[in-house]
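Small disclaimer: the values here were computed from a predicted structure and weren't measured.
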Amino acid sequence: MKRQLAVLLWILSSTAALTAQKPLSVGGVTAAPGQKASGWIEIPDAADPGTRIPVSVVHGARPGPVLALVAGTHGYEYTSILALQRLLPRLDPGRMSGSAILVHMACPPTFYGRRIYYGPDGKNLNRMYPGKADGTISERIAHAITKEVIDKATHVADMHCGDGNESLRPYSYWMVSGNEVVDAGSKEMALAFGLDHIVIDRERPSDPERTLYTSNTAVRRGKPAITVESGGMGLTDEASVRAQEAGALSVMAHLGMLEAPSVRVERPLWIDRAQVITAPATGVWQPAVEKMQSVATGTLLGRLTDPFGNLLHELRAPFSGEVLYVVATPPASAGEPLAFVARLAESEPRP
Ligand SMILES: [Zn+2]
């Protein structure tokens, strides 16, 4: 009798644990189960002026995965910022299993300052992870997103497009870390997001203290993650915004968070070799190719001149493939990207 009572109590308590979700807090935002709330992650002034990051927490009535959707890491990349504005009213936490953390704009100083690549501290937020609590603004933002968003999520989608100067065709990155379970989860997320060109990326750093990238920070903490790219050049075209919105919804469906079908890429084009062509010198860039264009080894990608028009360098394709993005405006600083050339794999990769 005593044993039966104990079993009954155990069943009751474990059922209660399954059905009663605790509130979910991100920064200054707390949502009760079955509710959504919006507010801010405050980044106080320190070495330089602080900011506040707009976030929404959509906390499902039932437990499940916690998907972080991070928009606007680069503030001139508008498609993801607009996509999350559209997504928020479409999410009904009362019908969701699991929760979504929407980071509407990871780096407000780059958005309001119309900055490409770099924050006001001259640093690229997507090279600062896991960040520093006492660093400059980009480092403090990275630290806050690591602690408040990535650490509270089970899955992460970092949403980008070509920056204000980049003409880009849609694609995603599948980061392969060597952790088979995580890598398999990330691969399925990439397929569910719906962009058919998928770059297989095996070269992100493994040191947890130097993960640099948003998605890699999640992956190295054992959480499946993807980076997606749709749009560019500071545009807000419908197709690019819709691809971000639809991709986020499809990943949520794939994870079982929504009672909706997930869309999966039927014929993924895996990219097993990709190279960012960087500027060998500072100068004036004139591209000779467009996004999506096929190139052969040696095809002229563009010319770099000095301010007077004298040729400094001709940049050529290092191998045959497709142009995923090309910088389409003239400023070029030494070491910065000018084009991204990719080669399609012959077969589906493992794991
Ligand atoms: Zn970006």
Side-chain angles (χ1 to χ4, degrees), residues 24 26 60 63-71 73 80 96-103 106 125-131 142-160 171-230 244 247-258 262-265 268-274 342 345 347-351:
L24 178 58
V26 175
V66 179
L67 173 65
L69 299 164
V70 182
T73 287
S80 58
M96 274 169 54
S97 300
S99 308
I101 301 171
L102 279 59
V103 178
L125 172 57
N126 208 26
R127 303 290 184 278
M128 291 299 122
Y129 282 85
H143 181 262
I145 290 178
T146 299
K147 294 292 170 204
E148 289 299 317
V149 178
I150 297 172
D151 282 352
K152 292 178 179 178
T154 58
H155 298 74
V156 174
D158 189 23
M159 301 163 75
H160 291 250
Y171 67 93
S172 58
Y173 291 94
W174 171 41
M175 272 158 274
V176 180
S177 67
N179 179 330
E180 283 184 26
V181 175
V182 173
D183 294 346
S186 300
K187 183 179 179 183
E188 292 305 312
M189 285 177 73
L191 291 167
F193 199 90
L195 306 177
D196 70 348
H197 283 57
I198 304 174
V199 176
I200 306 163
D201 188 344
R202 302 177 188 275
E203 294 177 6
R204 306 276 162 150
S206 58
D207 179 357
E209 297 308 312
R210 214 179 138 271
T211 47
L212 304 187
Y213 305 88
T214 314
S215 293
N216 190 47
T217 305
V219 166
R220 300 297 170 179
R221 283 167 157 70
K223 301 165 187 213
I226 51 173
T227 302
V228 298
E229 307 267 357
S230 169
Q244 301 260 14
L249 277 172
S250 179
V251 168
M252 293 178 73
H254 158 70
L255 294 174
M257 298 166 65
L258 305 176
S262 160
V263 181
R264 188 183 157 97
V265 179
L269 298 169
W270 300 99
I271 290 158
D272 64 355
R273 186 179 179 192
S347 59
E348 176 158 349
R350 310 202 171 273

**Item:** Closest non-hydrogen atom pair, A100 against L102
**Value:** CB-CD1, 3.7 Å
**Prompt:** For A142 and G131, which heavy atoms make the closest approach, and how far apart are they?
**Reply:** CB-CA, 3.7 Å
**Item:** Test log, rule side chain to side chain contact (heavy atoms under 4.5 Å, CB included), inputs H254 and F193
**Value:** CA-CA 9 Å; H254 158 70; F193 199 90; over 6 Å; no
**Message:** Once rounded to the nearest 0.5 Å, what's the spacing between atom OG1 of T154 and atom CG of L67?
**Reply:** 7.0 Å
**Request:** Look up atom CG in L269 and atom OH in Y171, then write down how far apart they are to the nearest 0.5 Å.
**Result:** 14.5 Å
**Request:** For residues L125 and A106, report the shortest heavy-atom separation together with the two atoms involved.
**Result:** CD2-CB, 4.1 Å
**Item:** Between CG on residue D196 and OG on residue S172, distance to nearest 0.5 Å
**Value:** 9.0 Å
**Message:** With a sphere of 6.0 Å drawn around CZ of R210, does it hold more than 12 non-hydrogen atoms of other residues, nucleotides or ligands?
**Reply:** no
**Asked** Any sub-3.5 Å donor-acceptor pair from W174's side-chain atoms to L191's backbone N or O?
**Response** no
**Request:** Taking the side chain as every heavy atom from C-beta outward, state whether S186 and M175 have any pair of such atoms under 4.5 Å apart.
**Result:** no
**Asked** Is the closest side-chain heavy-atom distance between M128 and H143 below 4.5 Å?
**Response** no
Donor-acceptor list for residues 217-226 side chains, cut-off 3.5 Å, not counting sequence neighbours:
| residue | atom | partner | partner atom | Å |
| --- | --- | --- | --- | --- |
| T217 | OG1 | T211 | OG1 | 2.8 |
| T217 | OG1 | Y213 | O | 2.6 |
| R220 | NE | P205 | O | 3.2 |
| R220 | NE | N216 | OD1 | 3.1 |
| R220 | NH2 | R204 | O | 3.1 |
| R221 | NE | D151 | OD1 | 3.0 |
| K223 | NZ | I150 | O | 2.9 |
| K223 | NZ | D151 | O | 3.1 |
| K223 | NZ | A153 | O | 2.8 |

**Message:** Do V181 and N179 make a side-chain contact, defined as non-hydrogen atoms from C-beta onward lying under 4.5 Å apart?
**Reply:** yes
**Prompt:** Within a radius of less than 6.0 Å around CD of E348, do more than 12 heavy atoms belonging to other residues, nucleotides or ligands occur?
**Reply:** yes
**Euclidean distance, M189 CE relative to S262 OG, rounded to 0.5 Å** = 11.0 Å
**Asked** Under the side-chain hydrogen bond (donor to acceptor under 3.5 Å, both in side chains) test, which residues partner T214, sequence neighbours left out?
**Response** N126, D158
**Asked** Hey, is the main chain of L24 close enough, under 3.5 Å, to the side chain of K152 for a donor-acceptor pair?
**Response** no
**Message:** Please check: side-chain N/O of T227 versus main-chain N/O of S215, any donor-acceptor pairing under 3.5 Å?
**Reply:** no
**Message:** Using a 3.5 Å distance criterion without hydrogens, assess whether the side chain of D183 forms a donor-acceptor pair with backbone atoms of V176.
**Reply:** no
**Prompt:** Nearest heavy-atom pair of G256 and S97: which atoms, and what distance?
**Reply:** O-CB, 3.8 Å
**Prompt:** Is it true that a side-chain atom of E209 and a backbone atom of P130 form a donor plus acceptor pair closer than 3.5 Å?
**Reply:** no
**Request:** Just jot down the side-chain hydrogen bond (donor to acceptor under 3.5 Å, both in side chains) partners of R273, sequence neighbours excluded, or say none.
**Result:** none
**Message:** How long is the straight-line distance from CG of L195 back to CD of E229, given to the nearest 0.5 Å?
**Reply:** 9.5 Å
